Amino acid sequence: MATILFTGFPGFLGSALLPRVLERSPGSRAVCLVQGKFEAMAKARVAEIEAARPALAGRIELVDGDITKPDLGLGAARKLRGETAELYHLAAVYDLSVRRKAGMAINVDGTRHVLDFAKKCGGFERLHYVSTCYVSGRYAGIFREEDLEKGQRFNNYYEETKHLAELEVRRRMEQGLPATIYRPSVVVGDSRTGATQKFDGPYFAVRWLLRQPGIAMMPVVGDPEAFRVNLVPRDFIIDAMTHLSGLAASLGKTYALADPEPLTVAELLEVVGEATKRRIVRIPMPLAAAKAALDYVPGVHWVMKMPSGVVDYFVHPTYYTTANAAADLEGSGIRVPPFRDYARILVDFVRAHPEVSSAAMT
């Protein structure tokens, strides 16, 4: 039985992707690399998957490991290396406020260790690596799926370390490693249920509005008509990756899993206002002043409960092309649903689940 190794389980994307990949590959099993502190969560997630999909019972194995360690913390791992045919590398620190040391250890060194492991696997078929559109940093203009090094500057260490990690993957691909790269934009909850594992990104703005009365104040930086926010729901990412990772033609490609027609900030505020039933009064602010207020003015962060790094994405100057993804998803029925169609579903989930936090899974 062929082995598919997963990192990033039981995370937000990994938990949804794993059963879909196994269902597509009936002669395979999944081995999930899990840190000890997430073992209980991972076991619970496996139980949920097997209860919902009885055909997968007994085909998911959890192993104690850590991508920040050589050999993924598995020791010699000779048997697993000999069995692993595919590797889905989703583990990363998804946190705009991450310190560089942590980002380097998890996103960069962790990816190097995964690549080293894959190189040692006999009969290895492919690495599926989840990057991010924001390897672009603050590149002003069109960023194609083939682009990576464009002289860009970065908003934060998350972007920088994911950029460095993708550089490592591409170097190994040039050396012969079979791989496919997937770049999601900002991932929000499921478009059908609203379900998400944490409230970050645009959810900070949603929760800020929900804490206000019918007429709500919203600080706005830059020109809301000129900048766009690229949002995609989890189910689109999972559907797209399930389809694309099963194509022989996807080998060696990079896919931007992004909205080809993202809303402007002004349009986004209109949609979110309707979904939260708030009339938004925009308060124009310079970018530097807005970030400084969140970082340094006593009480502002406590009131808005929003990290300053989020503000940069409301004046993001990059447009992502999705030509590879569009071409290879053609005929599958898989497309990015318009944010207008599911914004209220996301808001309803926020209202119903105040216990969900914005903390990264690290």
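Just so it is clear, the structure is predicted and the values come from calculations on it, not from any experiment.
What you find for F204 and P307 is that their closest heavy atoms are CZ-CD, 3.4 Å. What you find for P202 and V188 is that their closest heavy atoms are CG-CG1, 3.7 Å. Taking all atoms of both residues into account, the shortest heavy-atom contact from L231 to D259 is O-CB, 3.9 Å. Here the closest non-hydrogen pair linking V300 and A293 is CB-O, 3.3 Å. Here the closest heavy-atom approach between residue E225 and residue A266 is recorded as OE2-CB, 3.6 Å. Nearest heavy-atom pair, V98 versus Y158, reported as atom, atom and distance to 0.1 Å: CG1-N, 3.7 Å.
Defined by atom type and a distance below 3.5 Å, a donor-acceptor pair is missing between the side-chain atoms of S185 and Y320. Judged by distance alone, the side chains of E166 and S131 do bring a donor and an acceptor atom under 3.5 Å apart. A donor-acceptor contact closer than 3.5 angstrom links the side chains of R126 and T180.
The shortest distance between side-chain heavy atoms of K198 and Y94 falls below 4.5 Å. Looking only at side-chain heavy atoms (C-beta outward), L257 and L244 come within less than 4.5 Å of each other. Residues V265 and V229 meet the side-chain proximity criterion, which asks for heavy atoms closer than 4.5 Å. By the 4.5 Å heavy-atom criterion applied to side chains, E83 and V31 are not counted as neighbours. You'll find the side chain of Y255 stays beyond 4.5 Å of the side chain of L329, heavy atoms only. Contact of the L210 side chain with the R278 side chain is registered, since non-hydrogen atoms from C-beta on lie closer than 4.5 Å. K277 has its side chain out of reach of V347: every pair of non-hydrogen atoms, C-beta onward, lies at least 4.5 Å apart. Side-chain contact between R170 and T254 is present, with at least one heavy-atom pair separated by less than 4.5 Å.
Residue I142 shares its hydrophobic cluster (ILVMFWY side chains chained together at separations under 4.5 Å) with Y319.
Scanning for salt bridge (Lys or Arg N to Asp or Glu O under 4.0 Å) contacts around E160 gives R100, with sequence neighbours left out. Partners of F154 by ring-ring contact (aromatic ring centres under 6.0 Å, His included), not counting sequence neighbours, listed by chain and number: H163. In this structure, E125 has no salt bridge (Lys or Arg N to Asp or Glu O under 4.0 Å) partners at least two apart in sequence or on a different chain. Scored by the ring-ring contact (aromatic ring centres under 6.0 Å, His included) test, F314 finds no partners at all (sequence neighbours excluded). Partners of D235 under the side chain to side chain contact (heavy atoms under 4.5 Å, CB included) rule, at least two apart in sequence or in another chain, are D190, S191, R192, P233. Considering only residues two or more places apart in sequence or on other chains, R20 meets the salt bridge (Lys or Arg N to Asp or Glu O under 4.0 Å) condition with D239. Residues meeting the salt bridge (Lys or Arg N to Asp or Glu O under 4.0 Å) test with R172, sequence neighbours left out: D116. The ring-ring contact (aromatic ring centres under 6.0 Å, His included) check on Y129 picks up H89, with sequence neighbours excluded.
A donor-acceptor pair is defined here as one N or O able to donate and one able to accept, closer than 3.5 Å; such a pair exists between the side chain of T7 and the backbone of L90. Looking only at distances, a side-chain donor or acceptor of K162 sits under 3.5 Å from a matching main-chain atom of V130. Looking at E159, its side chain does come within 3.5 Å of a backbone N or O of N155 through a donor-acceptor pair. Checked by atom type and distance alone, the side chain of E145 pairs as donor or acceptor with a backbone atom of A256 at under 3.5 Å. Side-chain atoms of Q152 come within 3.5 Å of backbone atoms of K150 as a donor-acceptor pair (strictly under, hydrogens ignored).
No more than 12 heavy atoms of other residues, nucleotides or ligands sit less than 6.0 Å from atom OH of Y157. A 6.0 Å sphere centred on NZ of K43 holds no more than 12 heavy atoms belonging to other residues, nucleotides or ligands. In the displayed structure, K120 atom NZ is contacted under 6.0 Å by more than 12 heavy atoms of other residues, nucleotides or ligands. Dense packing is recorded around CZ of R351, with more than 12 heavy atoms of other residues, nucleotides or ligands lying under 6.0 Å away. In this structure, R24 places its CZ atom where more than 12 heavy-atom neighbours from other residues, nucleotides or ligands lie under 6.0 Å away.
Screening residues 289-298 for side chain to side chain donor-acceptor pair (under 3.5 Å) gives K291-D312, D295-S308 as the qualifying pairs, with residues at least two apart or on separate chains. Applying the side chain to side chain donor-acceptor pair (under 3.5 Å) definition to pairs two or more places apart or across chains, none involves residues 203-223.
A salt bridge links R171 with E168: the distance from a Lys NZ or Arg NE/NH1/NH2 to an Asp or Glu carboxylate oxygen falls below 4.0 Å.
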Please set out all donor-acceptor pairs under 3.5 angstrom arising from side-chain atoms of residues 51-68, sequence neighbours excluded.
from : atom 1 : to  : atom 2 : distance (Å)
R53  : NE     : E23 : OE2    : 2.9
R59  : NE     : S28 : O      : 2.9
R59  : NH2    : L22 : O      : 3.0
R59  : NH2    : S25 : O      : 2.8
R59  : NH2    : S28 : O      : 2.9
E61  : OE1    : R29 : NH1    : 2.4
D66  : OD1    : T68 : N      : 2.9
D66  : OD1    : T68 : OG1    : 2.8
D66  : OD2    : T68 : OG1    : 3.2

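Put simply, CZ on F6 and CG on L18 are 4.5 Å apart, with the number rounded to the nearest 0.5 Å.
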